[in-house]
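I have placed the structure first, in the form of structure tokens, so that the comments after it can refer back to it.
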Amino acid sequence: MHPIVAAVPRQAWRQLAQRAASSSSTASSAARLSSFARQQFSTAAKRPIPSFRANSTRSYSSSSLPPPTPPRKKNPNELKFWPFLVVIALGSGGYILLANKRNGMPTLPPKKDDPAGLLAQPSKPTPTFSPDEVTVIFVLGGPGAGKGTQCANLVKDYGFTHLSAGDLLRAEQDRPGSQFGELIKDCIKNGAIVPMEVTVQLLENAMTEAINNGTNPNKKFLIDGFPRKMDQALKFEEVVCPAKFVLFYDCPEEEMERRLLERGKTSGRSDDNIQSIKKRFRTFIETSMPVVDHYEKEGRVVKITATAAPQKVYEATRNEIKKFGI
Ligand code: C5P
Ligand code: MG
């Protein structure tokens, strides 16, 4: 056995392998490396030691004593291989330790700058809510497509809790002391998408509250105006809860514009004016439609034409969601 290999006790190899195996996917290659190292270790230990008997058939001499065994030829590769392996394995072990330590550390701003915890979203192995216990339906459609109106009907008849991402953002914008107030205000006025960490956390907080305060015994949620961007969709389903399907209200721009301008007369919303409306339409086409297309490819979209009067659209909605067992 090479002296450097002998200097690393078997116990240390075992510990490295255990740490690697109990760690995340980044560590699995290190686990494989460790098991490879152990294999090499045991192969080296099992390598046959040259014996006199083995040599006796081919090396006779006139002397009665067996001839001296020629020194075993050292494989130059073997000499270089072990130190290299040891250095890599120890390096991997160190890396795993560091990675494990980091996993437990917040990566985003410290709490004092983020009292609502809107940015503290460390990656989680499983979402907060299981889709077996909690039903989430995403409700999408252009601005003015009638999402809010249809959600109100569904709440009445099916006992959903309605969470509008836009309403939650407006409430956070107005919350005294919010670190994100100005950012949200700017985004809304310009029809831009608020960074997903903020919106996803607001939704998770609202879901948790609704479940804990007993107002949603069925644990059924309509998440309205969300996800408006692919990153929101992926993050939410990864850390909060996978959605059952997407309810997509399809409406032509002229009709949506007419509705929004009408609503703007009384809504008091900073984005119900023609300049903001145009920007919101562009964001919807460029950023939000790819989300609908993504779910469509997965067969998870219920598409409803939303040009007719609200009651007609609602009837169509009821018929369609039946197909998903709602
Ligand atoms: O859905 P609603 O029309 O109320 O959204 C108003 C605005 O809130 C959007 O134009 C956008 O600026 C912001 N928003 C967002 N991400 C969402 C939903 C709304 O950034 N998922
Ligand atoms: Mg709305």
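Atoms within each ligand, like the ligands themselves, are counted from 1 in listed order.
- Asp250 pairs by the salt bridge (charged side-chain N to carboxylate O under 4.0 Å, His left out) definition with Lys303, not counting sequence neighbours.
- Of all the heavy atoms in Tyr249 and Gln150, the pair that sits closest is OH-CB, 3.4 Å.
- The contact shell of ligand 1, taken as protein residues with any non-hydrogen atom closer than 4.0 angstrom, comprises Ala165, Gly166, Leu169, Arg170, Cys187, Ile188, Ala192, Ile193, Val194, Gly225, Phe226, Arg228, Gln232, Arg269, Asp271, Arg280.
- Here the closest non-hydrogen pair linking Ser270 and Ser276 is O-OG, 3.7 Å.
- Residues satisfying the ring pair (Phe, Tyr, Trp, His ring centres under 6.0 Å) criterion with Tyr158, sequence neighbours excluded, are absent altogether.
- Every residue two or more places apart in sequence or in another chain that forms a ring pair (Phe, Tyr, Trp, His ring centres under 6.0 Å) with Phe236 is listed here: Phe138, Phe226.
- A salt bridge is absent between Glu197 and Lys235: the closest approach of a Lys/Arg side-chain nitrogen to an acidic carboxylate oxygen does not fall below 4.0 angstrom.
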